*Asks:* 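Pasting in a structure now, in structure tokens, and then I'll have a few things to ask.
The structure presented is a predicted model; accordingly, all values stated were derived computationally and were not measured.
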Amino acid sequence: MDKSKFYLEIKHICKQTGARYGILHTPHGDVEVPMFMPVGTLATVKALSPEEVKQCGAGVILANTYHLSLRPGADVVKAAGGVQKFMNYNGPMLTDSGGFQVFSLADNRKITEEGVTFKNHLNGAKCFYSPESVIELEEKIGADIIMSFDECPPWPVTHHYMEESVERTLRWAKRGKEAQTRDDQALFGIVQGGEFKDLRKHCAEELVKMDFDGYSIGGTSIGEPKDVMFEMVSYSVPYLPEDKPRYLMGVGSIDYILEGIAMGVDMFDCVLPTRIARHGALMTSKGRVNIRDAKYEYDFSPLDEECDCYTCKNYTKAYLRHLYKCDETLGKRLLSIHNIRFLIHMMEEARTAIKEDRFGDFKDEFIKKYGDKRGF
RNA sequence: GGAGGAGUAGCGAAGUGGCCAAACGCGGCUGACUGUAAAUCAGUUCCUUCGGGUUCGAUGGUUCAAAUCCACCCUCCUCCA
């Protein structure tokens with residue numbers, strides 16, 4: 001990677017927590033960290049236009065290599081001029097490698113040293129992904145940040161299994177890095193190792209030796225208890241270089257994100273805000289709101305009085321409930337806008353708190369205010 | 001006035017002697033969701049002190065046993081006049 005096109009500029013480290021504030025420079029623009037990145041697996045954040053995602057304050061949007069390779073095909077995306085042009089998003093993007101699908105589609109795949117063979121979820125056809133072929137696909141898709149192909153193992157597995165998996169993931173990371181040909185895409189390595197301290201350390205250290213452009217923490221938020229998840233992060237971050245971005249993959253609940261920031265993580269992504277929005281669950285400053293609840297039938301107040309999103313500025317709970325009940329597309333859109341804006345706004349406040357060396361207080365107050373009613 | 005048809009849980013609709021507190025759908029309510037096979041999935045929906053109690057338009061009857069058979073009444077629909 002050309003270091004002038006992609007680099008992290010750390011501007012401030014919170015004296016209270018060690019949380020980092022900085023600017024991530026990418027070929028498609030600069031973004032502030034810590035940040036939350038909405039997920040647009042199929043080159044679309046479900047229910048939203050790219051303009052709407054941008055208006056929520058989003059910087060980076062994710063897409064998925066496995067899914068885009070099956071539909072429409074990486075060649076189509078390449079012919080369009082890259083994923084940003086294809087979906088008309090004028091901002092930085094990131095592609096996940098398909099490593100998560102090794103976990104989520106575990107019933108229909110086989111792992112070998114060479115790679116992973118999926119019976120794909122669309123028509124059952126066999127398709128093979130190797131660390132090299134995934135990089136080739138990601139180069140065609142053309143995101144600013146690309147992920148190494150890893151195995152995201154389930155939780156729990158034995159130390160023995162995890163050790164073998166980590167070693168394989170490390171070999172895959174090396175192979176992928178060697179296969180990279182473009183110099184305008186940042187390639188991240190992914191730290192695995194489950195809740196095993198020695199394996200996390202080993203994995204992180206070996207990846208750092210390979211000199212990636214950034215480092216992800218993977219294998220979290222897949223059903224493990226909260227304290228285990230925090231351990232996974234705390235066993236990984238200390239071995240990562242300070243001048244490279246740190247990305248906690250798949251984390252999107254409020255407390256997880258805030259704790260992650262306190263531990264020195266810069267980037268987060270998650271389907272949670274958009275998925276639960278489509279299912280009628282909203283994150284608000286007063287905690288979770290289930291818009292389907294009958295108590296909102298005659299409630300003509302905004303979803304969240306403190307929120308500055310398009311939805312909260314223009315629509316009432318009663319109307320949003322009505323749209324949800326009728327399964328109207330606009331409901332999914334307006335609710336998704338709110339949840340994404342809510343998280344991104346939280347990140348904006350978090351960055352301010354870091355700059356003012358009070359992130360620890362901010363985190364504790366936010367979680368307290370958000371409530372433990374039913375945290376996400 | 002005549003002929004035919006129908007009344008089942010919030011709504012729609014199966015069931016036409018015992019396996020029926022009654023399929024299924026909708027509506028209602030409750031959960032779940034974390035690098036998206038997710039516009040998905042799961043539970044619940046007569047009352048209950050969980051022992052049981054009271055239901056299938058009403059009443060009466062036949063039967064060991066009735067939402068289901070008989071009588072009568074009420075209501076609604078369609079067609080004919």
Side-chain angles (χ1 to χ4, degrees), chain A residues 36-48 60-68 70-71 93-109 118-124 134 138 143 145-153 155 188-192 214-226 229 232 247-257 259-260 265 267-283 288 290 292-297 321 323-333 335-336 339 343 373-376:
Chain A
F36 175 77
M37 308 181 287
V39 179
T41 303
L42 286 162
T44 166
V45 178
K46 292 186 191 301
L48 302 182
V60 177
I61 294 179
L62 260 70
N64 183 279
T65 306
Y66 168 85
H67 287 284
L68 288 179
L70 295 175
R71 257 186 337 200
M93 289 196 64
L94 180 156
T95 42
D96 186 29
S97 59
F100 184 71
Q101 280 61 46
V102 177
F103 163 77
S104 64
L105 303 176
D107 293 339
N108 293 302
R109 54 90 177 130
F118 289 92
K119 267 188 84 168
N120 83 50
H121 64 284
L122 298 177
N123 60 13
V134 164
E138 293 192 284
I145 303 169
I146 61 177
M147 290 294 127
S148 297
F149 191 44
D150 67 327
E151 179 195 354
C152 177
W155 188 89
F188 279 34
I190 303 176
V191 180
Q192 292 290 352
Y215 298 90
S216 302
I217 299 160
T220 60
S221 297
I222 50 171
E224 79 283 7
K226 193 190 278 193
M229 183 270 177
M232 291 174 169
Y247 165 25
L248 180 53
M249 305 184 81
V251 163
S253 60
I254 281 155
D255 49 352
Y256 282 30
I257 290 176
E259 295 295 346
V265 175
M267 304 158 66
F268 303 84
D269 81 283
C270 199
V271 305
L272 196 66
T274 44
R275 181 181 289 170
I276 65 175
R278 293 195 304 280
H279 299 165
L282 291 313
M283 300 169 168
R288 171 172 167 155
N290 289 323
R292 69 183 173 200
D293 287 355
K295 64 184 171 188
Y296 302 125
E297 189 175 8
R321 177 175 188 272
L323 292 176
Y324 178 80
K325 289 287 181 189
C326 297
D327 199 24
E328 280 291 335
T329 307
L330 180 60
K332 299 175 202 315
R333 181 170 145 218
L335 296 174
S336 295
N339 270 358
L343 274 188
K373 294 166 193 167
R374 268 167 303 179
F376 290 100

*Asks:* With rounding to the closest Å, how many angstrom separate the P atoms on C77(B) and G31(B)?
*Replies:* 43 Å
*Asks:* Roughly how many Å apart are C24(B) and G5(B), using the C1' atom of each and rounding to a whole number?
*Replies:* 24 Å
*Asks:* When the P atoms of C20(B) and A67(B) are compared, how many Å lie between them, rounded to an integer?
*Replies:* 12 Å
*Asks:* Sugar-phosphate atoms are those with a prime plus P, OP1 and OP2; base atoms are the rest. Using that split, label each nucleotide of nucleotides 35-47 of chain B B, S or - for protein heavy atoms under 4.0 Å, 5' to 3'.
*Replies:* BBBBBB-------
*Asks:* If I pick the P atom on G1(B) and the same atom on U16(B), what distance separates them, to the nearest angstrom?
*Replies:* 36 Å
*Asks:* Would you call I276(A) and R288(A) a side-chain contact if the rule is heavy atoms closer than 4.5 Å?
*Replies:* no
*Asks:* Can you check the K295(A) NZ to C29(B) C1' distance for me, whole Å?
*Replies:*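 Taking NZ of K295(A) and C1' of C29(B), I get 13 Å after rounding.
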*Asks:* Are H67(A) and F100(A) near enough that their ring centres are under 6.0 Å apart?
*Replies:*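 Here the rings of F100(A) and H67(A) have centres that are no less than 6.0 Å from each other.
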*Asks:* What does U36(B) pair with, Watson-Crick or G-U, if both distances are under 3.5 Å?
*Replies:*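 WC or wobble partner does not exist here.
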*Asks:* Looking at every strand, decide which applies to R321(A) at a 4.0 Å heavy-atom threshold: base, sugar-phosphate, or nothing.
*Replies:*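 It contacts sugar-phosphate atoms only.
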*Asks:* Report yes if the side chains of S336(A) and K46(A) come closer than 4.5 Å at any heavy-atom pair, otherwise no.
*Replies:* no
*Asks:* Give none if C64(B) has no partner; otherwise give the nucleotide forming a Watson-Crick or G-U wobble pair with it, both distances under 3.5 Å.
*Replies:*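 When the pairing criteria are applied, G18(B) turns out to be the nucleotide that pairs with C64(B).
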*Asks:* So do the side chains of V251(A) and T220(A) get within less than 4.5 Å of each other, counting heavy atoms only?
*Replies:*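 Answer yes - side chains close enough.
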*Asks:* CE of M283(A) versus P of U34(B): gap in Å, rounded?
*Replies:*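 Result: 12 Å.
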*Asks:* Taking pairing as Watson-Crick or G-U wobble with both contacts under 3.5 Å, can you name the mate of C41(B), or confirm there isn't one?
*Replies:* G31(B)
*Asks:* Tell me, with the steps shown, if L42(A) and N64(A) meet side chain to side chain contact (heavy atoms under 4.5 Å, CB included).
*Replies:* CA-CA 6 Å; L42(A) 286 162; N64(A) 183 279; over 6 Å; no
*Asks:* Which heavy-atom pair separates M283(A) from L272(A) by the least distance, and what is that distance?
*Replies:* CE-CD2, 4.2 Å
*Asks:* Can you tell me, in whole Å, how much space there is between the P of A23(B) and that of U8(B)?
*Replies:*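 15 Å, rounded to whole Å.
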*Asks:* Who is the Watson-Crick or G-U wobble partner of G25(B), with both distances under 3.5 Å?
*Replies:* C11(B)
*Asks:* State, to 0.1 Å, how close G124(A) and K119(A) come at their nearest heavy-atom pair, and which atoms those are.
*Replies:*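 Taking every non-hydrogen atom into account, O-CE, 3.5 Å.
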*Asks:* Taking O4'-C1'-N9-C4 for purines and O4'-C1'-N1-C2 for pyrimidines, is G10(B) syn (within 90° of 0) or anti?
*Replies:* anti
*Asks:* So which nucleotide does U75(B) pair with, by the Watson-Crick or G-U wobble rule with both distances under 3.5 Å?
*Replies:*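 Pairing partner, where one exists within any strand: A6(B).
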*Asks:* Using side-chain heavy atoms (C-beta onward) and a distance below 4.5 Å, is L343(A) in contact with I254(A)?
*Replies:*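 Counting from C-beta outward, L343(A) and I254(A) do come under 4.5 Å.
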*Asks:* Taking the P atom of each, how far is A22(B) from A9(B), in whole Å?
*Replies:*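 Per the computed distance, 15 Å lies between those P atoms.
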*Asks:* Starting from P on C29(B), measure out to OH on Y296(A) and report it in whole angstrom.
*Replies:* 12 Å
*Asks:* Roughly how many Å apart are A37(B) and G28(B), using the P atom of each and rounding to a whole number?
*Replies:* 29 Å
*Asks:* Rounding to an integer number of angstrom, what distance separates A6(B) and U54(B) when you compare their P atoms?
*Replies:*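 Here A6(B) and U54(B) have their P atoms 31 Å from each other.
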*Asks:* Answer with base, sugar-phosphate or nothing: what part of the nucleic acid does A294(A) contact at a heavy-atom distance below 4.0 Å?
*Replies:* sugar-phosphate
